[in-house]
Amino acid sequence: MIESIRPDDPVVLERGAGPEAAERVARTALRERRPIFIQKNRFDVFEGNPGAEALLEVLATELGGEPEIVVVGVARDVCMTQAIDGIQARGYRTVAVRDATWGLGLEPEEETLARWAGGGLVITFEDLAQS
């Protein structure tokens with residue numbers, strides 16, 4: 001994990017998690033107001049952790065609507081892109097924290113951020129801290 005974007009005291013959805021673990025993680029994170037860290041073994045979070053889909057469904061149900069999913073990480077043009085594109089394809093709104101992502105140069109940064117903004121927000125860490 002990269003220290004500069006490491007969440008404080010996250011609830012971890014472990015690799016290979018099933019629906020029961022996803023539900024437990026979602027409810028714990030909501031009850032304790034803690035961030036969620038999803039471990040995965042593939043670039044695509046939905047292929048790399050079978051519990052990711054169930055986690056989003058439980059969060060949406062528990063929050064009674066359409067949650068905004070805040071995403072930070074590495075690499076912007078691989079893992080982040082697959083996560084955000086996958087989340088948005090499932091109908092959830094995303095918040096990408098622009099200065100908490102790094103890319104490998106596979107796609108121009110502004111092109112990636114513009115695509116993400118089509119299904120959510122692209123903000124800075126300062127914006128997030130103020131919200």
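A search for side-chain contact (heavy atoms from CB on, under 4.5 Å) contacts involving Glu110 returns Arg98, Leu113, not counting sequence neighbours. For Asp85, the salt bridge (charged side-chain N to carboxylate O under 4.0 Å, His left out) partners at least two apart in sequence or on another chain are Arg115. With sequence neighbours excluded, the residues satisfying side-chain hydrogen bond (donor to acceptor under 3.5 Å, both in side chains) with Glu23 are Arg27. With sequence neighbours excluded, the residues forming a side-chain contact (heavy atoms from CB on, under 4.5 Å) with Glu126 are Thr124, Gln130, listed by chain and number. For Glu20, the side-chain contact (heavy atoms from CB on, under 4.5 Å) criterion is met by no residue, not counting sequence neighbours. In this view, Arg90 and Glu53 satisfy the salt bridge (charged side-chain N to carboxylate O under 4.0 Å, His left out) rule, not counting sequence neighbours. Residues passing the side-chain contact (heavy atoms from CB on, under 4.5 Å) test with Ala83, sequence neighbours excluded: Val45.
Ile38 and Val97 are not part of a single hydrophobic cluster, where members link through side-chain heavy atoms under 4.5 Å apart. Using a 4.5 Å cut-off between side-chain heavy atoms of Ile, Leu, Val, Met, Phe, Trp and Tyr, with links allowed through other members, Val72 and Leu121 fall into the same hydrophobic cluster. When the side chains of ILVMFWY residues are joined at heavy-atom separations under 4.5 Å, either directly or via intervening members, Ile87 and Val58 end up in two distinct hydrophobic clusters. Under the 4.5 Å side-chain contact rule for hydrophobic residues, Val71 and Leu30 share a cluster. Cluster annotation: Leu63 and Val25 are assigned to the same hydrophobic cluster (Ile/Leu/Val/Met/Phe/Trp/Tyr, side-chain heavy-atom contacts under 4.5 Å, transitive).
Inter-residue side-chain proximity for Leu59 and Ile36 is flagged as met; some heavy-atom pair is nearer than 4.5 Å.
In terms of heavy-atom proximity, Tyr92 sits nearest to Ile69 at CB-CG1, 4.3 Å. Residue Thr94 comes nearest to Trp116 through the heavy atom pair OG1-O, 4.4 Å, listed as atom of the first residue, atom of the second, then distance. Considering every non-hydrogen atom in both Asn49 and Gln39, the closest pair reads ND2-O, 2.7 Å.
Taking a 6.0 Å sphere around CD of Glu32, one finds it holds more than 12 heavy atoms contributed by other residues, nucleotides or ligands.
If you chain together ILVMFWY residues whose side-chain heavy atoms come under 4.5 Å of each other, Leu106 ends up grouped with Phe43, Val78, Leu104.
Applying the salt bridge (Lys or Arg N to Asp or Glu O under 4.0 Å) test to residues at least two apart or on different chains, the pairs with a partner in residues 74-83 are Arg76-Glu109.
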List the atom pairs, with distances to 0.1 Å, where a side-chain N or O of residues 7-19 and a protein N or O form a donor-acceptor pair under 3.5 Å, not counting sequence neighbours.
| unit_1 | atom_1 | unit_2 | atom_2 | d |
| --- | --- | --- | --- | --- |
| Asp9 | OD1 | Arg34 | NH2 | 3.4 |
| Asp9 | OD2 | Arg34 | NE | 3.3 |
| Arg15 | NE | Lys40 | O | 3.3 |

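In this structure a side-chain-to-backbone donor-acceptor pair under 3.5 Å is present from Ser131 to Leu128.
Here the CG-CD1 distance, from Asp99 to Ile123, works out to 9.0 Å after rounding to the nearest 0.5 Å. Rounding to the nearest 0.5 Å places CG of Asn41 at 10.0 Å from CD of Glu47.
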